[in-house]
Amino acid sequence: MSQNLVNAMADLEETALVKEVKALQAQGTPALEIIQKLQEGMNIVGKRYEEKEYYLSELIMSAEIFKEAATLLGGDLSAADSHSHGTFVMGTIYGDIHDIGKNIVTTVMSCNGFKVIDLGVDVATADYLKAIQEHKPQVVGISCLLTTAFDGMKECISAIEAAGLRKDLKILIGGGPCDQTTADYVGADAYCKTAQDAVEYSKKLLGIQ
Amino acid sequence: MKSNQELYQERLNRMTQAVTLGRPDRVPVMAWIDAWAATYRKGSMAKLSQSALYSNKLILETAKDFPQLDMIEVGAALPRAVAAATLSTVKVAGKELPEGSLWQVEELDHLQEADYDRILKIGWKAYKKEYYKKVLGWGGYDTFKLILGGIIAGRRCKKAGFPELSGAFPNIPLDPLAGGRGMAKFMTDLYRMPDKLKEVMDIMVIDIIEENKGIIKQAKPFSAFLGVARGSSNFLSPKLWNKFVWPYVVQIVNAMVESGTFVNLHFDGEWNRDIERFKELPKGKCIWASDSVTSVYKLKEVLGDHMCIKGDVPPALLALGKPEDVYSYCSKLIKDIGPTGFILAPGCTTPYNTKVENFKAMIAAATGQ
Ligand code: B12
């Protein structure tokens, strides 16, 4: 029963989840269908997090279990690529190394069916430009937890614009000290308070239910 | 003109009154100045990040321009020591980074699962020594040099009339383990091998307490700095927090207080869920230092009669706000959280792009000048 899988994911029951994935595989269930069940479980995790039943510890654990299951399915999250809603390029701006929040955003986005290109931390403007040219994302995310790196975001966004790459994409920013004023200051399209905001914004942008 | 020694005593008294929940003549104001000293003094970030004594020189030059400051958090900027305490490596200006850059703590997984067994076998003190040698390339001499730099910096602060807030730096076991292992791996370890981690932490805390008791006996600091970066209430569910964070906070605080020092609870991030618990700590002995994310109003309401609160001028306000806004934020804090049991200060460190007028506005709110 694949409802077991959804529950195992939502309740972070690692052993049960691995067992269930293997059983479904043995029955010949398509990988994509299994991934969709896992995503359903992840949505419950997300909801429990918003409701403060879960905390960062549970979000991170859920991401690890999800990755583990995806590996079992023969590959990483890109198993769902052919089916992805769109592409999301994300990194932490140069000068800044905080990545706990960024990793949550990338995980939540990939669990929601986006193809995610994670550029890591301390990412230079040139690397954003290169990734945008190469992957043609619809959404770019920049994470920043240091007020001292706000000017870096501003410079990066201007450079994306100057390179003529701004037309077909939206730029989101987020991270502890950011707010709408920061988004206005650096010239981003939107400020997101949580990872879930990024999902909702991107889905709305791309007309996905 | 008061002598530096008189000023030192006056500042110390004001801070002591605040911490012991007495009545200081005014709300004390202080700051943790590290990278900002390089900006303010137009000094070299590369040298500041690498030399304890150079950083101490810039910090004291900065402090002297703001003589109403009652304390500075620490007399030197020691990014390498701070990173090493949590088993992290750090990139600094002039080495891995260009001059002018702020240091960057690296998130790597130097610590493997087998290391937990190693700690159990040889103890934390010996393990740390091994780790420093292997991962950081540090020998005993490097550690000694850092400690010596800190001691000399402390003496120079005293001579200049500025007391240091903290002079011993214990950690709860969670922070070095999570720093050395990497956050994601560590969190999954908490799920996959909770009993082993508990055992490791119980071993670690013995050495942590012993080492810091020794330091306190020698150096007699105003307070021990207990910083928790990865154990806040929004990081861990209550079940994990009650097992892996709180028992060690209690043990360490009690041991430090017994050794005769105050404890500076440097708790960045969001702790709202668990504020009630802090009533379990000894009264009038701790400083709850908030970076502005935990609700300072809730802290006052719950802990106002129990411990002193420090903070919580937000970094973004100091860096980007207008002096009027800083002044009114700080005046409101003094009115609502003071006049007793409160120390006005930036949330965490003074950001390196703090505007000078904003720093002045913060001080003016406390001194009324
Ligand atoms: C953990 C932590 C660290 C860890 C980082 C570990 C890691 N690998 O990330 C360590 C200890 C290494 C560290 C180092 C430093 N830190 Co630090 N750190 C923190 C702390 C306590 C928590 C940050 C965190 O992980 N929060 C939890 C995550 C989940 O939240 P989040 O990142 O905000 O992400 C959520 C949302 O914002 C959103 N989101 C985030 N990004 C994005 C992006 C997009 C596009 C979207 C859509 C959404 C989104 O989604 C996430 C989930 O909902 C904060 C305190 C605070 N108040 O935030 C300080 C803090 C960020 N650090 C700070 C500082 C100053 C530093 C140091 C310079 C410290 C020093 N003085 O030595 C260094 C070096 C930093 C550097 N050069 O980059 C300051 C920044 C102040 C400022 N000037 O702005 C803070 C605010 C503490 C303080 N009050 O002073 N830090």
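Naming convention: chains lettered A, B, ... in sequence-line order (proteins, then strands); numbering from 1 in each chain.
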* If every non-hydrogen atom of B/Ala319 is compared with every non-hydrogen atom of A/Thr147, which pair is closest and at what distance? -> CB-OG1, 3.9 Å
* Answer yes or no: are there more than 12 heavy-atom neighbours, outside B/Lys355 itself, under 6.0 Å from its atom NZ? => yes
* Side-chain contact test, heavy atoms from C-beta onward, threshold under 4.5 Å: evaluate it for A/Glu14 versus B/Arg192 and give yes or no. => yes
* **B/Leu320 CG to A/Thr181 OG1 distance, which is reported to the nearest 0.5 Å** => 9.5 Å
* Name the member of A/Ile100, A/Leu59, A/Thr182, A/Asn103 that forms the most heavy-atom pairs with chain B at distances under 4.5 Å. => A/Ile100
* If every non-hydrogen atom of A/Asp96 is compared with every non-hydrogen atom of B/Gln104, which pair is closest and at what distance? -> N-NE2, 4.4 Å
* Asked: Tell me, side chain or backbone of B/Leu236 under 4.5 Å from chain A's heavy atoms, or both, or neither?
  -> both
* Closest-packed option against chain A by number of heavy-atom pairs under 4.5 Å, given B/Trp103, B/Tyr352, B/Tyr191 -> B/Tyr191
* Give, for atom CG of A/Asp99 and atom CD of B/Glu107, the distance between the pair rounded to the nearest 0.5 Å. => 5.0 Å
* Asked: More than 12 non-hydrogen atoms from neighbouring residues, nucleotides or ligands closer than 6.0 Å to NZ on B/Lys360, yes or no?
  -> no
* Asked: Around atom NZ of B/Lys196, are there more than 12 heavy atoms of other residues, nucleotides or ligands at under 6.0 Å?
  -> yes
* Out of curiosity, B/Ser101 OG to A/Asp122 CG, how far, rounded to the nearest 0.5 Å? -> 8.5 Å
* **Rounded distance [0.5 Å steps], CD1 in A/Ile97 versus NZ in B/Lys91** => 9.5 Å
* **Contacting moiety of A/Ile65, where chain B heavy atoms sit under 4.5 Å** => neither
* By a 4.5 Å heavy-atom criterion (distance strictly below it), what part of B/Ser233 contacts chain A: side chain, backbone, both, or neither? -> backbone
* Asked: Is the NZ atom of A/Lys19 crowded by more than 12 outside heavy atoms at less than 6.0 Å?
  -> no
* Structure fact -> Of B/Leu97, B/Asn353, B/Thr354, the largest count of non-hydrogen pairs under 4.5 angstrom with chain A goes to B/Asn353
* Asked: Can you tell me how far CZ of B/Phe186 sits from CD1 of A/Ile60, rounded to the nearest 0.5 angstrom?
  -> 10.5 Å
* Asked: Quick one: which residues of residues 48-58 of chain A reach chain B at under 4.5 angstrom, heavy atoms only?
  -> A/Lys52, A/Tyr55, A/Leu56, A/Ser57, A/Glu58
* Check each atom of A/Asp179 against the heavy atoms of chain B and say whether the ones under 4.5 Å are side chain, backbone, both or neither. => neither
* Structure fact -> The interface call for A/Leu12 against chain B, heavy-atom contacts under 4.5 Å, is side chain
* Structure fact -> If one checks every heavy atom of A/Tyr185 against chain B at 4.5 Å, the contacting part turns out to be neither
